[in-house]
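Report on the structure given below.
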Amino acid sequence: MVLKSMAATTCDLCLFSHFGVDGSPRVHFKTRDVGIRAVNRGLSTNRKTLKRRLGINIRAIVQENLERSKRTDAYPLGLDVVSEGELREKGFMGLRKTKLVCTIGPACCALEDLEKLALGGMNVARLNMCHGTREWHLDVISKIKKLKRERNFSISVMIDTEGSQIHVVDHGAPSSVKVEDGSIWLFTAEQSKSYRPFTVQASFEGFSEGTEVGDELVIDGGMACFVVVEKTGSDLHCKCTDPGLFLPGAKFSFWRNGKLVRRNYKLSTLSTKDWADIDFGVSAEVDYFALSFVNDTDSIRHLKKYLSTKTAKPIKVLAKIESLESLYNLEDIVQASDGIMVARGDLGVEIPLEQIPIVQESITCISRHLNKPVIVASQLLESMVEYPTPTRAEVADVSEAVRQYADALMLSGESAIGSYGQKALAVLDMASSRMESWSRAENRQTHLNTRQLGLSLPDRIAEQICNCAVEMANNLGVDAIFVFTRHGHMASLLSRNRPNPPIFAFTSDNNTRMALNLQWGVVPLLVDLSDDAESNILKSIGLMKSKGLIRQGDMVLVVSDVTPTPTTPLSLQSLQVKAII
């Protein structure tokens, strides 16, 4: 079926059927010159019904040029070793679709520990620039690159900037310190070379502006609480009212009568240190920057413009939602960024705790509507920093994020400093897979709505093709969706519809492959793509079949945005959808 737009964009919906249990192709048909309305959005069938209606057995192999497909051993299959192993063991529907992000710290920075995390399903390694030296981070990045090069892992690297939020510089101890009930502490911006007990140095000279005696000072969202008993200049004398742990680099906030004290510090989102860390990340060729304490779109646009002048690599910029101001500008921030991180720990400091669940769901929904990957982060399995098993409430929290169709889940302290990082990763993997299976059984994806994003006719056609392709894949019960893409756009449009089958994204661009590691349900493969769509299909089917990853009876739906002119703007590229049965 061919659809031609007024903008000369050709969208090709072709159905190839190749049957016969003896291995010989029997049928080959194409129906052309039928508009897009020929796709029946109300279609509901299954594989057995399809077989019965066609009167033939289904087999996933292209009949044209079978001899060409036999020569695919000359081409490497750029599928990472973990996905290949899971596909062999569990089949298409057994692949986990929710992506997993691990924060790398002293507990997991050794090469063997990184390899265990990779084998456990880590898709993205996060480096928090609040901790460690740049030399340490570079060593970790080098180890990850070694694993990718020698062991065929597909792991993206994310740098998380520190940001300009006010935090504790020093509290007199190299690690956490226990705060006792009733103890009096001095909070000051004054630097001291010598150790002063019960003294906390803040990172910003005006940290106490707007505070009053009687205000509550909350450490890290409630790890410990104080009340201001005396204010002398910019110094605060505070009495501990809720004892707890005081961690290095802890953040604090002030509350009055149950409400956050709003103050205008006029701090820039990116500090001098952040810009130096960004230059470091560019030189280390990382894949993502996660921008801390984003309140509006200015910092995102500024960083993107800066990156365009520093490197040809399309490094993605994610915005961390962790302040009340960011919620006021949420949709604009999502549109300006390449993805979102729901930083629930810092966000929970600024909004009432009971609002966190609904805010998380709202951010996740808006991000999916606007086709931006979203990571749910902070305290998912916090107890596993110290204990080998999670609480049941934590598992329920993880499952709820999966039920909301978040693209990715993130471990923070659980992997960075915890004793059971690999077990925590296994819990995420297990809970995600189980909830995804339940969602498929309940047919929940049929209730998802998508917002029209494209303004031009070609872009709207691209969206409609992906929407229809996912509905066809779900209704026909296909085993997988193959998408051939140079920049990942069609893969992301398919992903936002959250289809039942996994999406295998074939691309010849390694940057695209790394970017797709955050997209829900997408398994990126690095392959050589030609300008001939038929050749790409034959090659990929042949490669998968030669590896034993496609079996007789499998059904695959194919989408392609690869055109003979890679320099053509995306809105003018041709789009193809092919169902290979």
Side-chain angles (χ1 to χ4, degrees), residues 97-99 101 165 218 220-223 251 253 255-262 290-297 318-337 339-383 390-412 428 431-432 434-436 438-439 442-451 495-498 518 520:
K97 295 181 174 64
T98 306
K99 301 306 179 74
V101 182
Q165 186 76 353
V218 179
D220 277 344
M223 292 292 288
K251 299 178 179 65
S253 58
W255 293 73
R256 184 181 304 148
N257 299 323
K259 295 182 180 180
L260 185 70
V261 177
R262 309 305 307 170
L291 203 55
S292 295
F293 301 105
V294 174
N295 293 325
D296 52 42
T297 62
L318 309 183
K320 295 174 65 178
I321 305 300
E322 48 192 339
S323 68
L324 191 59
E325 286 84 358
S326 65
L327 295 180
Y328 293 144
N329 303 306
L330 179 60
E331 190 157 323
D332 289 339
I333 290 173
V334 175
Q335 287 180 327
S337 68
I340 294 295
M341 182 189 295
V342 187
R344 304 183 305 176
D346 289 310
L347 186 59
V349 174
E350 301 220 351
I351 67 175
L353 293 176
E354 67 273 14
Q355 293 184 13
I356 291 293
I358 189 63
V359 168
Q360 172 183 309
E361 185 168 19
S362 177
I363 296 172
T364 302
C365 183
I366 290 173
S367 298
R368 187 184 62 81
H369 275 301
L370 296 177
N371 198 28
K372 303 296 174 70
V374 56
I375 306 169
V376 173
S378 305
Q379 301 172 336
L380 284 170
L381 299 172
E382 187 74 10
S383 69
T391 67
R392 277 44 179 174
E394 287 172 336
V395 174
D397 180 36
V398 169
S399 299
E400 175 61 17
V402 177
R403 189 195 66 81
Q404 293 172 4
Y405 287 113
D407 288 84
L409 305 175
M410 191 179 92
L411 295 176
S412 299
L428 289 189
S432 300
R434 183 65 188 89
M435 179 53 67
E436 290 167 6
W438 176 84
S439 295
E442 294 294 314
N443 206 26
R444 289 190 60 252
Q445 80 290 335
T446 59
H447 305 295
L448 295 176
N449 298 316
T450 54
R451 183 187 307 185
S495 172
R496 79 166 181 155
N497 284 276
R498 303 306 194 240
L518 262 186
W520 187 97

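- Side-chain polar atoms of Ser323 and Asn295 form a donor-acceptor pair below 3.5 angstrom.
- Between Ser337 and Ile340, the closest heavy-atom pair is OG-CD1, 3.6 Å.
- In this structure, CG in Leu370 is found 7.0 Å from OG in Ser367, a value given to the nearest 0.5 Å.
- Rounding to the nearest 0.5 Å places CD1 of Ile375 at 4.5 Å from CG of Leu518.
- For the atom pair CG (Leu381) and OG1 (Thr391), the distance works out to 8.0 Å, reported to the nearest 0.5 Å.
- For the side-chain contact (heavy atoms from CB on, under 4.5 Å) test, residues two or more places apart in sequence or in another chain that qualify with Ser362 are Ile366.
- Summarising the geometry, atom NZ belonging to Lys97 is positioned 11.5 Å from atom OG belonging to Ser432; distances are rounded to the nearest 0.5 Å.
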### Query
After noting the C-alpha distance and the side-chain angles of Leu327 and Leu347, does the key distance pass the side chain to side chain contact (heavy atoms under 4.5 Å, CB included) rule?
CA-CA 10 Å; Leu327 295 180; Leu347 186 59; 4.1 Å; yes

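- When all heavy atoms are compared, the tightest approach of Ser326 to Ile321 is OG-CG2, 3.3 Å.
- Residues satisfying the salt bridge (Lys or Arg N to Asp or Glu O under 4.0 Å) test with Asp397, not counting sequence neighbours, are Arg344.
- Distance check: Glu350 CD to Asp346 CG gives 8.0 Å after rounding to the nearest 0.5 Å.
- Remark: Pro352 engages Glu354, Gln355 in a side-chain contact (heavy atoms from CB on, under 4.5 Å) (not counting sequence neighbours).
- With hydrogens and angles left out, the side-chain atoms of Glu436 and Thr98 include a donor and acceptor closer than 3.5 Å.
- Contact between Gly348 and Ile356 at its shortest, heavy atoms only, is CA-CD1, 3.7 Å.
- Taking the salt bridge (Lys or Arg N to Asp or Glu O under 4.0 Å) definition, one finds that Arg256 meets it with Glu212, Asp215, sequence neighbours left out.
- Here the shortest heavy-atom pairing between His369 and Arg496 reads O-NH1, 2.8 Å.
- When all heavy atoms of Pro390 and Ser383 are compared, the pair lying nearest together is CA-OG, 3.7 Å.
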### Task
Give the C-alpha distance, both sets of side-chain angles, the deciding distance and a yes or no for side chain to side chain contact (heavy atoms under 4.5 Å, CB included) between Glu322 and Ser292.
CA-CA 8 Å; Glu322 48 192 339; Ser292 295; 3.5 Å; yes

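- In this structure, Asn371 CG and Asn497 CG are separated by 9.0 Å, a value rounded to the nearest 0.5 Å.
- Residues Met435 and Ser439 are in side-chain contact: their nearest non-hydrogen atoms beyond the backbone lie under 4.5 Å apart.
- Residues in residues 372-381 take part in no salt bridge (charged side-chain N to carboxylate O under 4.0 Å, His left out) pair, two or more places apart or across chains.
- The shortest distance between side-chain heavy atoms of Glu331 and Val334 does not fall below 4.5 Å.
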Below 3.5 Å, can you tabulate the donor-acceptor pairs from side chains in residues 401-411 to any protein atom, sequence neighbours excluded?
| unit_1 | atom_1 | unit_2 | atom_2 | d |
| --- | --- | --- | --- | --- |
| Arg403 | NE | Glu400 | OE1 | 2.8 |
| Arg403 | NE | Glu400 | OE2 | 3.4 |
| Arg403 | NH2 | Glu400 | OE2 | 2.6 |
| Gln404 | OE1 | Gln360 | NE2 | 3.1 |
| Gln404 | NE2 | Glu400 | OE2 | 2.9 |
| Asp407 | OD1 | Val374 | N | 3.0 |
| Asp407 | OD1 | Arg498 | NH2 | 3.1 |
| Asp407 | OD2 | Trp520 | N | 3.0 |

